[in-house]
There are 2 protein chains.
Amino acid sequence: MKNTPLSRREREKLQQRKEILAAALALFSEKGYHNVPMQEIAEAAEFAIGTLYKFFQNKEDLYKALVMEQGDRFEAAFAAAIQAPGDEIEKLRNFVRARRDMCRDNLPFVRLFIAESKGASFNLKAGLDADLREKIDAVMEKLTRVFESGMKNGRFLKIADPYSLAVALDSVIDAFVLLWVESPERHPFPEDPDAILDIFFKGLLPKA
Amino acid sequence: MKNTPLSRREREKLQQRKEILAAALALFSEKGYHNVPMQEIAEAAEFAIGTLYKFFQNKEDLYKALVMEQGDRFEAAFAAAIQAPGDEIEKLRNFVRARRDMCRDNLPFVRLFIAESKGASFNLKAGLDADLREKIDAVMEKLTRVFESGMKNGRFLKIADPYSLAVALDSVIDAFVLLWVESPERHPFPEDPDAILDIFFKGLLPKA
DNA sequence: TCAAAAAGTGACGATACGTTCATAGTTTCT
DNA sequence: AGAAACTATGAACGTATCGTCACTTTTTGA
């Protein structure tokens with residue numbers, strides 16, 4: 001954890017690394033891991049193949065670095081949203097907004113992320129999966145606690161256990177993101193977070 | 001649509017085809033499309049490679065046949081559940097139950113199906129994706145109509161538009177299925193459909 | 001300025017996999 | 001029984017792509 005003892009060269013290399021990852025992200029998100037040869041990434045990043053192997057041990061390593069680093073950004077953004085000051089309802093709103101904003105600004109990665117976090121876990125070796133899961137679980141954990149404390153202080157009714165609610169909310173947001181990714185005009189992501197949250201806040205059945 | 005003018009040989013071939021697809025399903029669901037060579041499928045099905053190519057034009061064709069035929073079964077089961085007699089609430093319960101049952105009895109395919117229907121659309125050529133989407137959309141359409149009619153006849157409150165509710169319910173069930181697939185002991189799929197439906201039926205917020 | 005070190009290059013070797021097809025085996029029919 | 005028709009086989013071929021490494025170019029620092 002040193003502050004900034006970075007030589008010019010070191011900064012340059014970091015920048016190059018970033019550019020490789022950016023090129024790779026664009027390609028992977030468009031065609032999928034298996035349909036992008038290293039050659040193509042090299043060309044897109046304007047490097048020779050050999051150079052990529054100076055930065056990453058192999059193709060999988062490159063992919064993993066890409067997913068993990070973007071995953072970190074997403075986890076951080078979501079965690080910050082949940083932990084921002086406000087009551088439980090506001091925290092949930094912040095979370096929905098954070099999801100919307102991150103998705104808006106990182107569409108290419110969102111496609112990869114969804115593909116990666118959902119079922120297709122055999123796409124790649126086990127390592128990635130486990131590490132990524134950890135990040136997702138960390139966010140889920142925080143969400144669970146929001147529901148929990150909301151129930152404790154009477155702001156929420158105990159209609160289901162907090163973890164189930166967290167999973168449910170997360171999956172519903174995912175679904176809306178997916179709709180939006182597939183056709184932004186037909187299914188715009190709602191501006192007002194309550195458009196989604198009301199599904200959970202308000203009951204479908206008239207009270208007995 | 002002839003009845004049963006099937007020669008013995010024809011029945012045999014159909015059976016062989018089924019066995020190839022079964023072997024392929026087991027392998028694909030475990031390792032993913034790209035990590036299963038035709039050779040391996042052939043061995044598992046106890047045929048020579050060349051024989052597989054008598055049944056399917058190529059690997060992708062085999063995979064597509066597999067996914068589509070299983071997809072048909074799932075679509076039929078879900079459609080039947082939704083359209084079984086009963087009020088809207090019962091229809092939703094039937095749908096949740098159908099999902100649970102199909103998943104219980106077809107775990108290997110469920111993994112594939114989730115991977116395929118969610119983001120990883122670049123796993124394969126466009127054709128599959130579109131055809132599978134159609135089936136999913138058909139079910140979604142039916143679900144939407146359940147919410148719609150429930151709102152019309154006052155059984156449901158209009159807390160969100162019917163399509164959004166259909167998408168939301170579907171994604172929540174998906175999420176629970178995923179949890180269950182990953183660790184059946186830690187996250188058993190709830191026996192009582194209302195354990196899931198209550199998230200939608202009951203409101204999280206105390207009525208104002 | 002120049003030599004040593006670092007960085008960048010891309011043709012090439014190795015491997016893995018999809019698909020073909022000439023051949024061998026089996027069934028059917030006369 | 002024997003020939004014709006049909007079916008199954010798997011070695012071999014072509015292609016694609018990963019990752020290496022001997023070499024060239026650039027940078028560094030004395």
Side-chain angles (χ1 to χ4, degrees), chain A residues 5-67 122-128, chain B residues 5-67 122-128:
Chain A
L6 286 183
S7 68
R8 176 181 59 80
R9 199 75 244 289
E10 282 172 319
R11 271 178 284 127
E12 260 180 28
K13 290 205 82 174
L14 232 53
Q15 177 58 27
Q16 292 178 332
R17 196 188 125 102
K18 248 173 117 176
E19 278 173 31
I20 294 171
L21 287 177
L25 172 56
L27 291 166
F28 283 146
S29 73
E30 189 194 342
K31 310 162 148 216
Y33 180 79
H34 287 287
N35 301 317
V36 179
M38 288 298 264
Q39 179 63 46
E40 202 172 338
I41 299 172
E43 272 162 25
E46 293 173 273
F47 284 103
I49 281 203
T51 309
L52 299 205
Y53 285 88
K54 295 272 155 81
F55 287 91
F56 306 96
Q57 289 216 331
N58 52 45
K59 189 183 178 185
E60 197 175 308
D61 192 47
L62 188 162
Y63 183 73
K64 184 168 169 170
L66 171 59
V67 172
F122 35 62
N123 267 355
L124 233 45
K125 282 236 176 72
L128 210 192
Chain B
L6 286 183
S7 69
R8 177 179 59 82
R9 199 76 243 289
E10 282 171 318
R11 273 178 282 127
E12 259 179 28
K13 292 203 82 174
L14 232 53
Q15 177 58 28
Q16 291 179 334
R17 196 188 125 103
K18 249 173 118 177
E19 278 172 29
I20 294 171
L21 287 177
L25 172 55
L27 290 167
F28 284 145
S29 73
E30 188 193 343
K31 312 163 148 212
Y33 181 78
H34 286 287
N35 300 318
V36 179
M38 288 296 265
Q39 179 63 48
E40 203 173 338
I41 299 173
E43 273 163 24
E46 293 173 274
F47 284 104
I49 281 203
T51 309
L52 299 204
Y53 285 87
K54 295 270 154 75
F55 287 92
F56 306 97
Q57 290 216 332
N58 51 44
K59 188 183 178 183
E60 197 175 310
D61 193 47
L62 187 162
Y63 183 73
K64 186 168 167 171
L66 171 59
V67 172
F122 35 61
N123 268 355
L124 234 44
K125 282 238 176 70
L128 211 191

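Labels below follow one simple rule: chain letters A, B, ... track the order of the sequence lines, proteins then strands, and each chain is numbered from 1. These numbers come from a predicted model, not from an experiment.
Rounded to whole angstrom, the span from the CZ atom of A:Phe56 across to the P atom of C:dG8 amounts to 13 Å. Put simply, CD on A:Glu40 is 13 Å from C1' on D:dA16, counting in whole angstrom units. A:Gln16 places its CD atom 10 Å from the P atom of C:dA7, with the value rounded to the nearest Å. A:Leu52 places its CG atom 16 Å from the P atom of C:dA7, with the value rounded to the nearest Å. The CD-C1' distance, from B:Glu10 to C:dT27, rounds to 15 Å in whole Å. What separates CD1 of A:Ile41 from C1' of C:dG10 is a distance of 16 Å, to the nearest Å. Summarising the geometry, the separation between CD1 on A:Ile20 and P on C:dG8 is reported as 9 Å, rounded to the nearest angstrom. Rounded to a whole Å, the CG atom of B:Asp61 is 16 Å from the C1' atom of C:dT20.
Under the 4.5 Å side-chain criterion, counting only non-hydrogen atoms from C-beta, B:Val67 is not in contact with B:Tyr33. In this structure, B:Phe56 and B:Leu21 have side chains that are in contact, with non-hydrogen atoms separated by less than 4.5 Å. Side-chain atoms of B:Ile41 and B:Phe47, non-hydrogen and from C-beta on, never get closer than 4.5 Å to each other. In this structure, the side chains of A:Gln15 and A:Lys18 come closer than 4.5 Å at one or more pairs of heavy atoms.
Listed nucleotides D:dA8, D:dG10, C:dG8 differ in distance to B:Thr51; the shortest reach to its side chain belongs to D:dA8.
Judged by closest nucleotide on DNA chain D, B:Gly50 is the one of A:Lys54 and B:Gly50 placed further toward the 5' end.
For the atom pair CE (A:Met38) and OH (A:Tyr53), the distance works out to 3.5 Å, reported to the nearest 0.5 Å.
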Would you tabulate the pairs of protein nitrogen or oxygen atoms and nucleotide nitrogen or oxygen atoms of nucleotides 17-19 of chain D closer than 3.5 angstrom?
residue, atom, partner, partner atom, Å
D:dC18, OP1, A:Lys59, NZ, 3.1
D:dC18, OP2, A:Met38, N, 2.9
D:dG19, OP2, A:Tyr53, OH, 3.2
D:dG19, OP2, A:Lys59, N, 2.9

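Of all heavy-atom pairs spanning B:Ala65 and B:Arg17, the tightest one is CB-NH2, 4.0 Å.
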